[in-house]
Amino acid sequence: MAPPGRREALGTGVVVTVWHMMRELTQYIEGLTLVGGDGDGQPFRLLPWERRFLRGTFGQGGDAALTVARGNGKSALLGAVAVAVLDPAGPLHGPRREVVCCASSFSQGRVIFEDVTALLRARYGDLPRKLWRWQDSQNAAILEHRETGSRVRCIGSDPKRAHGLRPFLVLADEPAQWPVASSDRMFQALRTGLGKVPGSRLVALGTRPEGADHWFARMLAGDSGYAQVHAARPEDPPFQLRTIRRANPSWAALPSLQARLLREREEARVSPDALASWRALRLNLGEPDTHRALILSADLWQSIEGEAEASGPCVWGVDLGASSAQSAVASYWPRTGRLECVAAFPTVPDLSKRAVKDGVGRLYHACRERGELILTEGRVSDIGTLMGESWARFGRPSRVVADRWREAELRDALEASGIPACGLEVRGMGFKDGAEDLRAFRRACESRKVTPVRSLLLRSALAEARAVSDPAGNSKLA
């Protein structure tokens, strides 16, 4: 069925055609027999959220994205859709139509392949080689109908192996788990393979990724023809059944899922590691699935972000990098609490190559577009250019604080910029100075004495910063 508001544009004939196709697809899937799980040996019964997803995905012409917590039957649904393409009796079948199932690794992609073969065997019994050709090894998983050439192929998220495909349907499974350094290139390789077959599309399914700049996150936010989100909200109480059901739409239909969630909920109440996994994978909040020693929680940082006047004397915190790391200056106005930052990269290599190497997607380009990141000529960030830009933005500092890395160069750059080097205070990065500085920073943020401007650069820096503790419990930046 066409989405609301599109029926008039599509025309009555198209609406009727789509409606018949959707009815055939749901009837076909519900004619399959489940193998394994709660419904082993029972007919495949589509749940309301699954019907909604099928209508949204195949009732329009674009790509689609679905996010749902782990364990809600997503892989079985993917397998059923793939069978509807592969099976000559399936409503999505066509000559030489190919379904490409892509996961983080080849072994993970085989999960869908095994569901496909199990569903087909439950429907037809044995699969004679005169009708079917299959290859199932450590390096390849392909099942093909010989007469029509329709096939299901599973691959890992290696972009070098994805070029040359001509899929009718791409099923991108758990893209948030794909290797960061190659995820964007893999997505582009898969997407550019579409269009060679009429009606082809990419469907991405999985738990939410951590960052909003991930291509899957952008699809869920509207960069696709259809998006469906089943996730708790950050402000929801994490252990209430209402919160759990929001991210787990199969709760009422899967007793084993209920039992597992109730056990994990009790573990999450007492274990930080279990809580991180619970929030990321069971509530689908788009957070790290392992406990990390963060400098500050994301909730605290967001609560203190805002606007404050840049009045009174300011203090600079300077962190200098070499060729591969950013250099940055953070300016703090103690009188008002305002905190602002600017960073610099050398121009060699360029931002695009750095982003691919560091696996950060469009983060560097986004910071550059927002004016939070500048470029300096050469292969090492130029300190003088950064000092001049900082003075233009923040004004002359009353004090400068930095570590010992490139200290002499920093003193020369400060004096060249008209800032007396005698105003430089050097702090160590060990537990003596580091623990004192980190403790003071956390205390200042918790007592609302710091008001950081809303900055993608600052957010990403705090998200990546980690603390390490010594046996006495002193913490410093790792």
Side-chain angles (χ1 to χ4, degrees), residues 1 19-59 64 66-93 99 101 103 108-128 131-132 134 136 141 143 145 150 152 154 169 171 173-174 203 205-207 228 230 241 244-264 281-282 284:
M1 185 176 293
W19 185 84
H20 279 297
M21 187 272 290
M22 287 306 309
R23 184 177 65 174
E24 291 177 0
L25 179 59
T26 55
Q27 287 178 346
Y28 175 82
I29 291 178
E30 292 195 328
L32 299 174
T33 301
L34 288 168
V35 179
D38 289 325
D40 186 25
Q42 301 298 314
F44 200 123
R45 290 288 177 257
L46 288 169
L47 300 177
W49 72 270
E50 294 173 317
R51 290 177 177 271
R52 175 185 160 200
F53 175 67
L54 292 176
R55 285 197 304 270
T57 300
F58 296 100
L66 166 72
T67 183
V68 65
R70 291 275 179 89
N72 279 266
K74 169 180 58 65
S75 295
L77 180 62
L78 291 179
V81 171
V83 170
V85 178
L86 178 64
D87 184 2
L92 300 179
H93 180 80
V99 180
C101 304
Q108 186 176 346
R110 280 181 51 82
V111 174
I112 301 174
F113 183 80
E114 291 168 356
D115 281 338
V116 170
T117 56
L119 289 170
L120 271 178
R121 291 183 186 278
R123 181 175 177 85
Y124 291 111
D126 193 20
L127 301 177
L131 298 178
W132 301 90
W134 69 84
D136 189 4
L143 180 59
H145 185 251
S150 62
V152 171
C154 290
L169 180 64
L171 300 177
D173 187 31
E174 291 292 350
V203 180
L205 309 95
T207 51
Q228 184 170 322
H230 297 277
L241 288 182
I244 299 171
R245 292 170 67 96
R246 190 185 296 276
N248 295 272
S250 298
W251 164 273
L254 299 177
S256 62
L257 176 64
Q258 290 186 32
R260 185 67 193 178
L261 288 174
L262 292 176
R263 285 199 302 271
E264 290 186 11
L281 305 180
R282 295 306 194 182
N284 200 20

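When all heavy atoms of L127 and W134 are compared, the closest pair comes out as O-CZ3, 3.0 Å. Among all heavy-atom pairs drawn from S150 and H93, the shortest one is OG-CE1, 3.0 Å. Closest approach of G79 and L119 over heavy atoms only: C-CD1, 3.8 Å. Scanning all heavy atoms of the two residues, the minimum distance from Y124 to A89 falls at OH-CB, 3.8 Å. When all heavy atoms of C154 and F113 are compared, the closest pair comes out as SG-CB, 3.3 Å.
Here the CZ-CG distance, from R52 to L47, works out to 13.0 Å after rounding to the nearest 0.5 Å. Note that CD1 of I112 and CG of L78 are 4.5 Å apart. Values are rounded to the nearest 0.5 Å. Rounding to the nearest 0.5 Å gives a distance of 12.0 Å between CZ of R70 and CG of N248.
Side-chain contact check for F53 versus L77: some heavy-atom pair is nearer than 4.5 Å. Taking the side chain as every heavy atom from C-beta outward, T117 and V152 never approach each other to under 4.5 Å. Side-chain contact between L92 and V99: absent, with no pair of heavy atoms (C-beta onward) separated by less than 4.5 Å.
Legend: residues meeting side chain to side chain contact (heavy atoms under 4.5 Å, CB included) with R246, ordered by chain and number and at least two apart, are R233, D236. In this view, T57 satisfies the side-chain hydrogen bond (donor to acceptor under 3.5 Å, both in side chains) rule with no residue, not counting sequence neighbours. With sequence neighbours excluded, the residues satisfying side chain to side chain contact (heavy atoms under 4.5 Å, CB included) with A76 are F44. Taking P43 as the reference, R45 meet the side chain to side chain contact (heavy atoms under 4.5 Å, CB included) condition, with sequence neighbours excluded. Contacts of A103 classified as side chain to side chain contact (heavy atoms under 4.5 Å, CB included), with partners at least two apart in sequence or in another chain: Q108, D173.
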Please tabulate, for side-chain N and O atoms in residues 249-262, each donor-acceptor pair with protein atoms closer than 3.5 Å (sequence neighbours left out).
| unit_1 | atom_1 | unit_2 | atom_2 | d |
| --- | --- | --- | --- | --- |
| S250 | OG | W49 | NE1 | 2.9 |
| S250 | OG | N72 | O | 2.9 |
| S256 | OG | D38 | OD1 | 3.1 |
| S256 | OG | D38 | OD2 | 2.9 |
| Q258 | NE2 | W251 | O | 2.7 |
| R260 | NE | E264 | OE2 | 2.9 |

With a 3.5 Å cut-off and sequence neighbours excluded, list the donor-acceptor pairs that the side chains of residues 29-36 form with protein atoms.
| unit_1 | atom_1 | unit_2 | atom_2 | d |
| --- | --- | --- | --- | --- |
| E30 | OE1 | R51 | NH2 | 3.2 |
| E30 | OE2 | L46 | N | 3.1 |
| E30 | OE2 | R51 | NH2 | 2.8 |

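The list of salt bridge (charged side-chain N to carboxylate O under 4.0 Å, His left out) pairs with a residue in residues 113-127, not counting sequence neighbours, reads D87-R123, R110-E114, R121-D126.
No donor-acceptor pair closer than 3.5 Å links the side chain of H230 to the backbone N or O of A247. For the pair H145 (side chain) and W132 (backbone), a donor-acceptor distance under 3.5 Å is absent.
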